[in-house]
Each structure stands twice: as structure tokens, then as C-alpha cells.
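I have placed the structure first, in the form of C-alpha cells, so that the comments after it can refer back to it.
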Amino acid sequence: MPELPEVETVRRGLEPAMTGRRILRAEVRRDGLRWPFPARMKERLEGARIESLRRRSKYILGDLSTGETLIVHLGMSGRVLVSGAPAGGFVHARAVAQKHDHVILHMEPAPGDPQPGHGGRVAFNDARRFGTMDLWPTAQLENHRLLARLGPEPLGNRFDENWLAGRLAGRRTPIKAALLDQRIVAGLGNIYVCEALHRAGISPRRAAGRISRRRISHLVGAIRAVLREAIDAGGSSLRDHRRTNGELGYFQHQFRVYGREGEACKTPGCKGRIRRLVQSGRSSFHCAQCQR
DNA sequence: GCTGTAACCTGTCGGC
DNA sequence: TGCCGACAGGTTACAG
């Protein structure tokens, strides 16, 4: 499922239910997801207050009052649904555990909650179990094996034309594969790489090291634009992504190439049709007329 | 070091 | 209707 815009949408949805509140009870319903959960995860979560909720790449980071950070990755099919007390606008009808609800956090109610004694219920659901959860000392977070090698945030100051040109120089791998490499830029996935390359007019097959500075500059702008628009739309819902209140994102209606094989290219003046090709086992959607 | 592929696991969809 | 294969938004490990 989730690329950067979907994860950011989930993080924003979790804030009213979690930030500043204690975890009263943690239901850990299996031993792990992609990897085993950390030892005594239930005990380490219960009683901890969530001081802040951040996002790094596709990871949600919950800084706890205990000095540890809860690291959550939603994998391909993960979702987080909030139900319970309706304060802050998070209402979802589900109040009992569903299939694939692997971890459920029962949160402390806020003072203004209209149902005293009933805080939010936060359920981490992941059918394919490619997601992960871990606990790690907040002060050493940059050393965590999943976070240590991540490249810059695409919406941050460190990611610019100079950085990208430097990382692509000399590479013969297709630009599509290079942009999926989280060490080069952190947070992009298959959908938004396809969309950004189309906006920049660059073929997904072009060798990464053979793109001019001028086109790299356009690509940086295209990546930022498509991510910002997707966040504003609440992400893209194809199969699994849901906001924390169960609603769908709607950026999929604005796709220019992804999933549009055989349809007309949306670039003004272009008469091409969208093609699908497989690169590294994954679908790339592009227009051969206006992407070179 | 770089590159491509297999593997992880489950649900959905299309074809027969 | 039921079965089967292909495919799906991510990431790591491994072989070449």
C-alpha cells in the first residue's frame, strides 16, 4: 500500500487519538509481522505516553515518554483504523477486532472527550503481514537498521537537484529503479515514481546517469509536486489504503499514468497512449510519446 | 559496488 | 460456481 503520502495521511489521522495520550492497554495478537515483535512489546507500550508522532520516509515514529520510539511500517497492505471516542473527528464504526488486526492500542481519553472513560482504539491491520513494528531508544533512532541508510526526505531541504544529480551520476540502472532506491530518496514507491517521471517527461527506462541537469531539476520539482498533491488528496486508495477513519484517499482519480494502460496520455497536445512495461518485476506505466 | 531476482503472505480478479 | 494463475502500493537477502 503505502507510499509517503499515504503514510503521512495516516500519521495525521492518528494525531488526535494518540499524541499526548497514554497507552492504557496494548493487545498484541501475534508474535510479529515481517519480523518478530521486540521482546516484551506489550509491557513496554502499556503506560507509555505518546509525546509526538512523526514520519520518516514510509515509517511512522511514535516517541514515547519511556525514552523509546515505536516504529511502524505498513508494508504493502497495512492500515491503521481508529474507533471509539468521537473527539477530534475520528469515528469509525468498527469496535471489535477484525481479521488481521495484529496490534490494538487502547488509548487514554482526553479531558474533553464526550464519553468520559473511553479513549480511542487504534488497530494496526495488515493482511499480507509485510509491515513491521519495533521499539528503539529515541536517542539512537538514526542507528536503527531500517532508518540508518535512508536518503533525504523528498519534501525536505536536503533533497534537491545537486543531491539527486550526485547520486545518479554514473549509474546505468533505469531511473525507475533508482528512484525506488530508498537510499537515494526516501518515501517514493511505484505509483509516485511513475507519476513523477511522466510529469518530468523522462522514460522509466532511461539510464539514471544519462539524464541532463536541466531534466533532473524538472524531476525534483515533479516529485515534490505529485507528493504534495497526493497528501492534499489523502493519498491514493487502490486496494488497501484507508485513512484512519476508514475513508478512502482520492488521489487515484488524478493519476496521469498509473493503472491507465491503453488509455490516452493526458499531456496537452500528446496523442500517445499509456503503456505498461515490467521493470524488476514491477509495473511501470508511461507514455512513449512524451517520455524520453 | 552495482544490478536483478526471489522471497516473504494474503486477497482479489479474470479466465476457463 | 469453483478452481487456478497472475498480480498487487515494500523491502531485504543473495547471486552473479
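So you know, we letter chains A, B, ... as the sequences are listed, proteins then strands, and number each from 1.
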[N], OP1 or OP2 - any side-chain N/O from [X] closer than 4.0 Å?
{"X": "Arg171(A)", "N": "dG1(B)", "value": "no"}
{"X": "Gln182(A)", "N": "dT11(C)", "value": "yes"}
{"X": "His73(A)", "N": "dG10(C)", "value": "no"}

Given the P atoms of dC3(C) and dC9(B), what is the spacing between them in whole Å?
23 Å
Determine the Euclidean distance between corresponding P atoms of dA6(B) and dA6(C); express it in Å to zero decimal places.
13 Å
Interatomic distance, [X] [atom1] vs [N] [atom2] [rounded to whole Å]:
{"X": "Arg282(A)", "N": "dT5(B)", "atom1": "CZ", "atom2": "P", "value": "14 Å"}
{"X": "Glu3(A)", "N": "dA8(C)", "atom1": "CD", "atom2": "C1'", "value": "12 Å"}
{"X": "Arg183(A)", "N": "dG1(B)", "atom1": "CZ", "atom2": "C1'", "value": "9 Å"}
{"X": "Glu261(A)", "N": "dA6(C)", "atom1": "CD", "atom2": "C1'", "value": "14 Å"}
{"X": "Ile191(A)", "N": "dC7(C)", "atom1": "CD1", "atom2": "P", "value": "17 Å"}
{"X": "Asp31(A)", "N": "dC8(B)", "atom1": "CG", "atom2": "C1'", "value": "17 Å"}
{"X": "Lys58(A)", "N": "dT11(C)", "atom1": "NZ", "atom2": "C1'", "value": "9 Å"}
{"X": "Asp181(A)", "N": "dT5(B)", "atom1": "CG", "atom2": "P", "value": "16 Å"}

Arg210(A), CZ: over 12 other non-hydrogen atoms inside 6.0 angstrom
no
Assess whether atom CZ of Arg183(A) is packed by more than 12 heavy atoms of other residues, nucleotides or ligands within 6.0 Å.
no
Kindly indicate whether the side chain of Arg172(A) and the base of dT3(B) share any N or O donor-acceptor pair separated by less than 3.5 Å?
no
Salt-bridge test for Arg11(A) and Glu8(A): reply yes if a basic N is under 4.0 Å from a carboxylate O, no otherwise.
yes
Electrostatic pair Lys58(A):Glu6(A) at N-O distance under 4.0 angstrom
no
Name the orientation class of the two ring planes belonging to His73(A) and Tyr59(A) (parallel below 30°, tilted from 30 to 60°, perpendicular beyond 60°).
perpendicular
Partner nucleotide, any strand, of dC8(B) [Watson-Crick/G-U, under 3.5 Å]:
dG10(C)
Any base atoms under 4.0 Å from [X], or only sugar-phosphate, or nothing? Heavy atoms, all strands.
{"X": "Thr132(A)", "value": "nothing"}
{"X": "Leu146(A)", "value": "sugar-phosphate"}
{"X": "Arg276(A)", "value": "sugar-phosphate"}

Cationic tip of Arg129(A) above Trp35(A) ring, under 6.0 Å, 45° of axis:
no
For a quick check, with a 4.0 angstrom heavy-atom cut-off, what is the B/S/- contact string for nucleotides 9-14 of chain B, read 5' to 3'?
BBS---
Taken to the nearest 0.5 Å, the spacing of Arg56(A) CZ from Thr69(A) OG1 works out to 13.5 Å
Close side-chain approach of Glu195(A) and Phe255(A), heavy atoms under 4.5 Å:
yes
